[in-house]
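Working notes for the structure below.
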Protein chains: 2
Amino acid sequence: MKYKAATIKDIAQALGLSTSTVSRALRDSHEISAATKQLVLDHAAQLNYHPNPIALSLKEKKSRSIGVIVSEIANSFFSQTINGIESVANEKGYTVIISQSHESFEKEVRTLQYLASRSIDGLLISVSSATKDLLPLKALHQYGFPIVFFDRIVEEIATHQVRVDNFQGAYNATTHLLQQGYKRVGCITNSAHLSITRERVAGYVAALDKAGIRLPASLVKYCFHGGMLQEEVADAVQELLQEKKRPDAIFATSDKLTTGCMRALKKAKMAIPEDMGLTGFSNSDLIELLHAPITVVRQPAFEMGQVATELLLQLIESKRPVKDFETKVLQTSLITPS
Amino acid sequence: MKYKAATIKDIAQALGLSTSTVSRALRDSHEISAATKQLVLDHAAQLNYHPNPIALSLKEKKSRSIGVIVSEIANSFFSQTINGIESVANEKGYTVIISQSHESFEKEVRTLQYLASRSIDGLLISVSSATKDLLPLKALHQYGFPIVFFDRIVEEIATHQVRVDNFQGAYNATTHLLQQGYKRVGCITNSAHLSITRERVAGYVAALDKAGIRLPASLVKYCFHGGMLQEEVADAVQELLQEKKRPDAIFATSDKLTTGCMRALKKAKMAIPEDMGLTGFSNSDLIELLHAPITVVRQPAFEMGQVATELLLQLIESKRPVKDFETKVLQTSLITPS
DNA sequence: TTTATTTACGCAATCGTTCCCGGAAAAATC
DNA sequence: GATTTTTCCGGGAACGATTGCGTAAATAAA
């Protein structure tokens, strides 16, 4: 069953006016008399008239909707980011269409095409951990399609970017572990070609360097699926535990990896922080309730969503092609258990 | 900057055909010659032509998109449900537009109007804990707008509903606490007018009854904001602790309430399960990592999303008004720490 | 050869809205 | 009283696609 919404035509007919007059009256045009305007407005209210956004989209050639692609919404960081995105977008009258890549490149590409075909006006994306081929994104971008990267950046594509100071966050976390007295800090991280992976691992290495600690590269374990598969993390932890000189602490570079490590360590009956130190990136609000009181690097997720959306809308509403792109870098904070 | 997508007109012009011929060729109509079809198809591929969904929506009077309103996506239960919704909707070619009420009635109404004005074809909703006035929803429903309720049901509106066996889930959880030896089980629950609140409290009471335990109604504390405000939960816990005959265990009826209780008990330096037993509804995947190994009632969230979406699409695609409405009841499971 | 039937395509309306253009009536100016 | 200027409104095209109807040419039947 379909319910029929009132149209401008209905109002016109009922009042014996033309559609153009009604349209103008509703938009408060100066060339419509006050009396007619009132008449139209009253009748519109009575019919509960709302302009059909689809018809508008067709005419204006824009849908006033933006797409968001994240790996998973069931992830504190991303759901918080989305809240930030929504807050800005809705205020400006934009609809947000959220899609998940589930860390799969194929799903990401499909989603990309889908969103593009649904005529969204712009895209906010944090690429999947499996994304190595940038062609689909580049194609869209070269078409002049507005894109803003957040969190997981793609440097090869020239557009606005919003991220945190991943290097510093990782540096701080690693330094924190060292200050706790740990000597051999291993690292469990995401897919190697992600920007956040490179930056965070660099921060981790820099902190070790600064402390005069040199560790084998084998202490850095990459999880291609970014923790989506629990066993991938478990394997990585196991590998660390089986290193000839076993690490005494682990730095995990993402939400899923941090909790994944905890899970794996628990399974291996390794106590945190006694048997193994652990710290990592996480925006979960349950951290303080975990069985081991770990220190985490928290990202300003909500703010990141807001900033990214503002940049995107700016891009969308710009009259001429934007050539000057910004890279906003937000700061992380180290949260220690109270 | 705008990128211009190819239209049917572009193809027609380039090939010296009419738009109708091109349209029919693309839709593989029998009244177009094979030669012309091939010509059109080739050229369409070359121009990377994709039908404009907005133009189609305008003509077909449907947008092939559905709206979802939940209180919060940063909630394991809802994000899992959304995954289920997405899986079914996308497969059927529908876009999912997610909105959050943040447990605010005003936000819910605004969102409702917004979604309705964005011409979605149907709505999946789990009402906010603050929803007492059903007029906006009823208005939409009486208009013939397809709505399916999930999780938090509104019985007064006759349509499809999907929920879990809340009574049984609550009954099992409470019974579990009693079997552990707890005698005075308090309850921290959601806003009193929510369906899930009524059903879960009823299950809780029934379990006590069955065990021959009669407790004062003051042991049931209602949180109007459903745990959105941490202090609301903290206050409720405090009130329980200050009862003249203090309870020795708490049954919490939702995700946020369960973790909220844990947080409050931790603050009050009450050990779980020694000083106070705790169990509750939760779909968080971090439960097993919490400092206290609590038993939780888990809902089949993903499945719930799938079922609800199937019902909604069925409603949307039905030729005539549907009069027979289904109420699907799924089963919960009690997860005890290993 | 004439008529009937296909085949293969074009014309134009439609969806709801905006906006350019043109024009009648009223008001202002001379 | 005649002209110019406003004021106010309607006609119709446009956005991109679909579709009922009409029709020329090609083919088949008579």
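Chain letters run A, B, ... following the sequence lines, proteins first and then strands; every chain starts at 1.
Contact of the E72(B) side chain with the S101(B) side chain is not registered, since no non-hydrogen atoms from C-beta on lie closer than 4.5 Å. Side-chain contact between R163(B) and F149(B) is absent, with no heavy atoms from C-beta onward closer than 4.5 Å. Here the side chains of H30(A) and R24(A) are not in contact, with every heavy-atom distance at 4.5 Å or above.
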Nucleotides 19-23 of chain D: which of its N/O atoms have a protein N/O under 3.5 Å away?
{"unit_1": "dG20(D)", "atom_1": "O6", "unit_2": "R24(B)", "atom_2": "NH1", "d": "3.4"}
{"unit_1": "dG20(D)", "atom_1": "O6", "unit_2": "R24(B)", "atom_2": "NH2", "d": "3.0"}

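Whole-Å rounding puts the L56(A) CG to dC19(C) P distance at 10 Å. At whole-Å resolution of the value, NZ in K62(B) and C1' in dT18(D) are 13 Å apart. In this structure, the CG atom of D28(A) is 13 Å from the P atom of dC8(D), given to the nearest Å. Rounded to an integer number of Å, the gap from I8(A) CD1 to dC9(D) P is 15 Å. Distance NE2 (H30(A)) to C1' (dT7(D)): 9 Å, rounded to an integer number of Å. Distance, Q13(B) CD to dG16(D) C1': 14 Å, rounded to whole Å. Across the protein-nucleic acid pair, L58(A) atom CG and dT17(C) atom P stand 12 Å apart, rounded to whole Å. The nearest whole Å value for the distance from the CD atom in Q38(A) to the P atom in dC8(D) is 15 Å.
Within the helix from dT5(C)-dA26(D) to dC30(C)-dG1(D), the inter-axis angle between the opening and closing five-pair segments is 70°, rounded to 10°.
Looking at S63(B), its side chain does come within 3.5 Å of a backbone N or O of S119(B) through a donor-acceptor pair. Between the side chain of S191(B) and the backbone N or O of L194(B), no donor-acceptor pair lies under 3.5 Å.
With salt bridges taken as basic N to acidic carboxylate O contacts below 4.0 Å, none links E86(B) and K92(B). Between K328(B) and E326(B) there is a salt bridge, since a side-chain N of the basic residue sits under 4.0 Å from a carboxylate O of the acidic one. Taking the charged nitrogens against the carboxylate oxygens, E103(B) and R152(B) do have a contact shorter than 4.0 Å, which makes a salt bridge.
Regarding contacts with the backbone of dC15(C), a side-chain N or O of K9(A) is found under 4.0 angstrom from either OP1 or OP2. Regarding contacts with the backbone of dG16(C), every side-chain N or O of T7(A) stays at 4.0 angstrom or more from both OP1 and OP2.
Checked against D151(A) for a side chain to side chain donor-acceptor pair (under 3.5 Å), the options S71(A), S195(A), S126(A) give a single hit: S126(A).
Atom CD1 of residue I316(B) and atom OG of residue S65(B) lie 8.5 Å apart, to the nearest 0.5 angstrom.
Which of dA17(D), dT17(C), dG10(D) sits closest to the side chain of S18(A) comes down to dG10(D).
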I would like to know whether S23(A) and S20(A) meet side-chain hydrogen bond (donor to acceptor under 3.5 Å, both in side chains); could you show each step before the answer?
-> CA-CA 5 Å; S23(A) 171; S20(A) 22; over 6 Å; no
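For DNA chain D, the neighbouring residues in residues 39-54 of chain B, judged by any heavy atom under 4.0 Å, are Y49(B), H50(B), P51(B), N52(B).
Contact annotation for T36(A): backbone-only contact, meaning every heavy-atom pair under 4.0 Å involves sugar-phosphate atoms and none involves a base.
Enclosure of atom CD in Q46(B) by more than 12 non-hydrogen atoms of other residues, nucleotides or ligands within 6.0 angstrom is indicated.
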